[in-house]
K.L.:
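Attaching a single structure in structure tokens format; questions to follow.
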Amino acid sequence: MPKLTIDGMEVEVEPGMTVLQACEAAGIEIPRFCYHERLSISGNCRMCLVEMERAPKPIASCAMPAADGMVVRTNTPTVQKARKGVMEFLLVNHPLDCPICDQGGECDLQDQAMGYGHDRSRYHENKRAVKDKYLGPLIRTVMTRCIHCTRCIRFATEIAGVPELGATGRGEHMEIGTYVEKALTSELSGNMIDLCPVGALTSAPYAFTARPWELNKTETIDALDAVGCNIRVDTRGAEVMRVLPRLNEDVNEEWISDKTRFAIDGLKFQRLDRPYVRRDGKLTEATWDEAFAAISEMMQGIGGSEVAALAGDLVCAESMMALKDLMVALGSPNLDCRQDGAKLETGCRAGYLFNTTIAGIEDADACLLIGANPRLEAPVINARLRKRWLMGGFPVGLIGPEADLTYDHRHLGNGPDVLGEIARGEGEFAKVLMDAAHPMLIAGQGALARSDGAAILAAARAIAEKTGMVAEGWNGFNVLHTAAARTGGLDLGFVPGNGGRDRDGILDGAASGAVQVVYLLGADEIDMGRLGDAFVIYQGHHGDAGAHRADVILPGAAYTEKNAAYVNTEGRVQWTRRATYPPGEAKDDWAILRALSEVLGKTLPYNTLEDLDARMGEANPAFNQPDTVEPAAWGAFGKEGAFDGAPFVSPIGNFYMTDPISRASVTMAECTAVVSGSGEGKTGTHG
């Protein structure tokens, strides 16, 4: 390992590290603009200059490999003069608009000009001006501020895998843009806002709405997909102003999807802020007592088999635990958290988890995608797959609709027949999997949420066992969920009990009259027309499909408005933290169910959130181990049978609108219009 001397200190570093990284390891701050630890080295801002013994001039520390015996000085008069000179050049053309710049207070250029800049300028020529570029409805540009660090270009090309940004011209005439004016089509494009060290790229929806020092910051997690990205929610008063990523190397590194970042304006619209009861065919405002009384009156004389419950995609584990306990107390075995109809089972936890773990993707050396499009279903996981592909030696096979996944892959076919061939060891890709040391597969909801989903699950398990995906210290069998609530619901056993009805059984029973009361806990993605004349109780936070069909509406809290547990697709239990309070008379979901149980004479045995969390720990020990992923025991799951033969269909038609929050978002509506080609001629596609 190389040993070098930095400012008189001897430092030992890993081979391949740069001088800048060695300085950071020694606790010495080196200013930089173009360098970023997750991007390739460009070495074009020159802010990181340091002196090296026997070097004729200062070196760019970000681009110089650390070598044994180096003697580096980071704070000499020569270095200070060089940094002041670089900063002076950077500010030659930079506009003097800090007071009205939306990056003000969070600007690297501003901070480093204070720390390393000169106290006056020697340049009096006119500053250049650059035309602002159109990058779509999410990113606002002021390109006159651009310092050509190229972070945005490198992110789009390397991390997002959508090389739509580039530079034209040279020197002072260099400009960054999309060559042909169009919206960026990456689902991760908002991360460029965080990467930009100046105010050239800022958030369009957030622009000029708040200053960072006005905001209350809450560290929490995202619930708009099943990845469980770590985020920070910034609020002012009762309003969520923006969402930013938090660093978590095991989950999302430091990236989040555009839906996670920008859909939060949907929290302001179409909210349920008071109870409603349907009277004479029309929903009318009611008190909580009146809503509970209407439910209690309807439940009189109804047997447990005539009551059913469905849980939606955004609900927390606490509310599902409370609803399950209430249904058991009422004597009903009819409950299901799989509102998309996925044929997943609870008997073997490894049968519904992303067992490789998200970080473990980097250890795999072959991948089979079954009815999954990670780019739309989990953009952050797709970025991790691309990261592994860039390392080399990572063949990817896709069974399902052809798609631009941002990395090379072999399209093996559209339907389950190809899956059967691989399970029998036939075909070229079967050999690829068997020859791999750490193969993996990802089964998506497009394959599992079908009538033959159980047979497909069994075939996927057979492939995993035949190709050596399940071995000591490695499990390459993965299920990619699209719903934040799904893994938690399966962990808590929110599935039909003995003789109980699943989703289709509940809907068929409601249509026939066998099920008279249906409790929809945030379930909006089912066919409401199949509920027949059933009495529908809807508990949720948005006036979406479920609320329109409901006979009683109980207003709940969104994921930013409660302390609640969610389990991500890899089985990691994480908690959201309340950033703001629910609007109006809306309450925490578990508290609503606790109060309703008392009215129904089936009082649930917990009065606090701590009591309920302890109850969840009893139901599944995974809830006693927050933010960890324990390997799940392998076992039997799925059911062998005939395949349907129909091609796989992606469960996500529109990435920007997949849930009640994003469907209520004006920003997501603008993105949908642009992507679909109706954005005034400025279109983008998903490839």
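This is a predicted model, so every value here is computed, not measured.
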K.L.:
Taking Lys259 first and then Glu187, would you say they form a salt bridge - that is, a charged N and a carboxylate O separated by under 4.0 Å?
P.N.:
no
K.L.:
Tell me whether Thr569 contacts the main-chain N or O of Val479 through its side chain, where contact means a donor paired with an acceptor under 3.5 Å.
P.N.:
yes
K.L.:
Examine the side chains of Thr260 and Ser257 and answer whether a donor and an acceptor come within less than 3.5 Å of each other.
P.N.:
yes
K.L.:
Assess the side chains of Glu318 and Tyr566: does a donor N or O sit below 3.5 Å from an acceptor N or O?
P.N.:
no
K.L.:
Is Glu253 paired with Lys387 through a side-chain N to carboxylate O contact shorter than 4.0 Å?
P.N.:
yes
K.L.:
Using modelled atom types only, decide if a donor and an acceptor are shared between the side chain of Arg388 and the backbone of Ala364 within a distance under 3.5 Å.
P.N.:
yes
K.L.:
State plainly whether the residues Arg486 and Asp340 are in salt-bridge range, i.e. N to O under 4.0 Å.
P.N.:
yes
K.L.:
With no hydrogens and no angle check, do the side chains of His481 and Glu570 hold a donor and an acceptor under 3.5 Å apart?
P.N.:
no
K.L.:
Where the side chain of Arg501 meets the backbone of Asp336, is there a donor-acceptor pair that is under 3.5 Å apart?
P.N.:
no
K.L.:
Less than 4.0 angstrom from a charged side-chain N to a carboxylate O is my criterion; do Glu525 and Arg663 meet it?
P.N.:
yes
K.L.:
Check for a donor-acceptor pair, side chain of Glu640 on one end and backbone N or O of Ala455 on the other, with a separation under 3.5 Å.
P.N.:
no
K.L.:
Does atom CD of Glu428 have more than 12 heavy-atom neighbours, drawn from other residues, nucleotides or ligands, at distances under 6.0 Å?
P.N.:
no
